[in-house]
Structures are given as C-alpha cells and as structure tokens.
2 protein chains.
Amino acid sequence: MTAPQSHPLDTVFAALADPTRRAILTMLLEDDMAVTDVAEPFAMSLAAISKHLAVLAEAGLITQEKRGRVKWCKLEPDALRAASVWMQGFGQFDPVDLDAFERFLEAELDAPDA
Amino acid sequence: MTAPQSHPLDTVFAALADPTRRAILTMLLEDDMAVTDVAEPFAMSLAAISKHLAVLAEAGLITQEKRGRVKWCKLEPDALRAASVWMQGFGQFDPVDLDAFERFLEAELDAPDA
DNA sequence: GGGATCGTCAACCGTTGGGTTGAATATGCC
DNA sequence: GGCATATTCAACCCAACGGTTGACGATCCC
C-alpha cells in the first residue's frame, strides 16, 4: 500500500555514500571517460566498476552514452542540486568554500583504493 | 595497511540515504526531542528508531544528551557542512533556494511512514 | 519498595550491497 | 571470417542493513 517507491534523495545519497563512487565522480569532473579507463586506477574488477557506474547512472549523477564499442561516462552535476538544496536548508552555512573542496578532492584521490 | 577506516563522508551520506533518518532530522529542525517523541509518528518499533538515532549520532548529525531518564536528541547541522562543500564543488549551483527546501520538507513530512 | 516509563541490548530474520569469477555479447580491425 | 577489445550478465559469497521481539537496566514517583 502506498508503494514505498524510494525517494530520489535516497538513491542520490546512497550513491554518494560509497568512496569508490565519489572518487569516480571526482575523476569525471575533469573529463568524460570510458568505463575501462574509469576502472583503471581501482584495485577491483571491471565488473565491479561497471556496477558502480550503473548505480551512479540510476541516481542521475552520470549519464552513459555508447559510441562504438566504448561507453562514455559523463558527470551530471545537476543531479546534486536537489540534495544540495536539502542539506543547505539545515545549515545556512557559507555558500561555497572551494578551498575546502580542493582539500577533499586531494584526500579522496590520495586514498582511492577501497 | 593504511587501515581502510571509512571516510567521514561515507557515514554522513549513508545516514542521509534513509528516508526515516532524513525525516527525523527534519523533525529535529524544529526542536530538540526525546527518543520516544521522535518515534511517535513512525510506524515502527522504538528499538528501530533508537538504532536510526544511533546512526545519525555516529555520523555526527545529531548529539544525544541524557537528562534524567529522558535522552534528548539535538540536531548538529555543522556535520552537514563538509558534505555540502563536497557537493557544491561539483555543481556551482545557486547557493540556497529556501523555497525548494520548503517543498522538500513538506514532501518528506507528508509521507513519513516508511 | 514497587510500579510505570524511557531507552537500549541481544538475538534473530530477510534483503540489499559490494565484491568475485567466468561466460556471453557487441563492436572494431585486418 | 576471425581475433582482440569493451562491457555486461549471471551466479555466487559474505557482510551490513533495517526491521522485529523480548528481556533488561535506569530513573521517576508514590
């Protein structure tokens, strides 16, 4: 009854809860990438990365377009807007601190393994 | 080596991924609450809510203080700052849209069950 | 002391999540 | 056609999650 149907925020936050997936998003921030190239720096199978990408796509955080035999992954930052709005409603903190962001990126990229 | 030790963002995002927990945070936005009162609107056991609160506390999103036999739960919005910064780094979207936030709150409160 | 209230603990259960491996399906190239 | 590359599928494993119930430790109040 009243089908539970997961809220969009559920899938977005759940997708962001995994460090591998956050690292992937960070990588895609620089450029679109093929699945194989996304997988390269990680110490896990290609199939595992493929699943992670599916989760990110399901959440709308990336889109995937197949050109030839290569599937290109593209960041979709707009999907974060709803979640960002939700969170900011709690904090009313200072808008954007890009220095802090840089630090996070470095920390995550330094320990990307899993 | 380099003990995997989950990143703080892991726990924060994981905590936010559950609609019950987001609803709890929303309730706490209005006022501090006792565990029993937090549990009241939900169609699940007190023990379940107690666990949810533990998850939120673990993530630093709330603090709990026991006064007498009542344990008071208090929102800690600062814990969202790191996550917010991380997300905003992707979007560069408009800072705070409180209208949108209001809409989210209503949507979540209208279907708080589970 | 004794009863009610507040909250957690412990054990259990079914589902989901992240990972593996091996086979299968495209597609590109010669 | 035939082989290599790119990606997914399918089956499986184990750990974690979200929930339940019942017993338990505190605390308040009479």
Side-chain angles (χ1 to χ4, degrees), chain A residues 1 3-7 9-25 28 32-59 61-74 111-114, chain B residues 3-7 9-25 27-28 32-59 61-74 111-114:
Chain A
M1 52 311 293
Q5 57 151 10
S6 65
H7 193 283
L9 286 182
D10 291 10
T11 52
V12 170
F13 282 130
L16 296 179
D18 187 282
T20 301
R21 287 193 290 260
R22 285 199 311 276
I24 291 174
L25 291 180
L28 291 178
D32 298 1
M33 295 179 80
V35 174
T36 307
D37 295 334
V38 169
E40 196 269 333
F42 295 97
M44 74 182 71
S45 71
L46 186 60
I49 296 293
S50 182
K51 283 191 194 178
H52 279 304
L53 290 170
V55 171
L56 290 170
E58 185 70 21
L61 292 165
I62 67 169
T63 49
Q64 297 183 284
E65 182 198 356
K66 191 161 186 177
R67 278 203 300 273
R69 59 180 163 178
V70 172
K71 201 168 187 178
W72 292 92
C73 306
K74 176 178 169 51
D113 80 295
Chain B
Q5 56 152 3
S6 65
H7 193 286
L9 286 183
D10 292 10
T11 52
V12 170
F13 282 130
L16 296 179
D18 187 282
T20 301
R21 287 193 291 260
R22 284 199 311 276
I24 291 175
L25 291 179
M27 291 163 57
L28 291 178
D32 298 0
M33 296 179 79
V35 174
T36 307
D37 294 334
V38 169
E40 197 269 331
F42 296 97
M44 73 182 73
S45 70
L46 185 60
I49 296 293
S50 182
K51 283 190 194 180
H52 280 303
L53 290 170
V55 172
L56 290 170
E58 185 71 21
L61 293 166
I62 67 169
T63 49
Q64 297 182 285
E65 183 197 357
K66 192 160 185 177
R67 278 204 298 275
R69 60 179 162 177
V70 172
K71 200 169 189 177
W72 293 92
C73 306
K74 176 178 169 51
D113 80 295

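All values derive from a computational prediction rather than experimental measurement. Naming: A, B, ... by sequence-line order, numbering from 1 per chain.
Comparing D:dG18, C:dG7, D:dT7 by their nearest atom to the side chain of A:Ala34 picks out D:dT7. The side chain of B:Met44 sits closest to D:dG19 out of C:dT20, D:dG19, D:dT7. Between D:dT8, D:dG19, C:dT8, one nucleotide has an atom nearer to the side chain of B:His52 than all others, and that is D:dG19.
For the pair B:Met33 CE and C:dC6 C1', the interatomic distance rounds to 15 Å; values are reported in whole Å. Here C:dG17 presents its C1' atom at 18 Å from CZ of B:Phe13, a figure rounded to the nearest Å. Spacing between atom CD of A:Glu58 and atom P of C:dG18 amounts to 13 Å, rounded to whole angstrom units. Rounded to an integer number of Å, the gap from B:Gln64 CD to C:dC6 C1' is 13 Å. Distance CD (A:Glu40) to P (D:dT5): 16 Å, rounded to an integer number of Å. One atom, CZ of A:Arg22, and another, P of C:dG18, lie 12 Å apart when rounded to the nearest Å. In this structure, the CD atom of A:Glu65 is 14 Å from the P atom of D:dT8, given to the nearest Å. In this structure, B:Asp37 places its CG atom 14 Å from P of C:dT5, rounding to the nearest Å.
Between A:Val70 and A:Asp18, the one whose closest nucleotide on DNA chain C sits nearer the 5' end is A:Asp18. Taking for each of A:Ala14 and B:Leu46 the nucleotide of DNA chain C with the nearest heavy atom, the 5'-most of the two is the partner of B:Leu46.
For A:Arg69 and C:dT25, the shortest distance from a side-chain N or O to OP1 or OP2 is not below 4.0 Å. Of the side-chain N and O atoms in B:Lys51, none sit less than 4.0 angstrom from OP1 or OP2 of C:dT8. Contact between the side-chain N/O atoms of A:Ser45 and the OP1/OP2 oxygens of C:dT20 is found at a separation under 4.0 Å. Using a 4.0 Å cut-off, some side-chain N or O of A:Ser50 falls inside it from OP1 or OP2 of D:dT8.
At the heavy-atom level, B:Ala47 lies under 4.0 Å from base atoms of the strands shown. As judged by a 4.0 angstrom heavy-atom cut-off over every strand, B:Arg67 is placed among residues making no nucleic acid contact.
Within the 4.5 Å cutoff, the side chain of B:Val35 has heavy atoms near those of the B:Gln64 side chain. Side-chain contact check for B:Phe42 versus B:Met27: some heavy-atom pair is nearer than 4.5 Å.
The side chain to side chain donor-acceptor pair (under 3.5 Å) check on B:Thr63 picks up B:Glu76, with sequence neighbours excluded.
Interface remark: the B:Lys66 side chain does not form any donor-acceptor pair with the C:dG7 base, using a distance-only criterion of under 3.5 Å.
Side chain of A:Arg22 to backbone of A:Leu16: a donor-acceptor contact under 3.5 angstrom is found.
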Working for side-chain contact (heavy atoms from CB on, under 4.5 Å), residues A:Thr20 and A:Ile49:
CA-CA 9 Å; A:Thr20 301; A:Ile49 296 293; 4.3 Å; yes

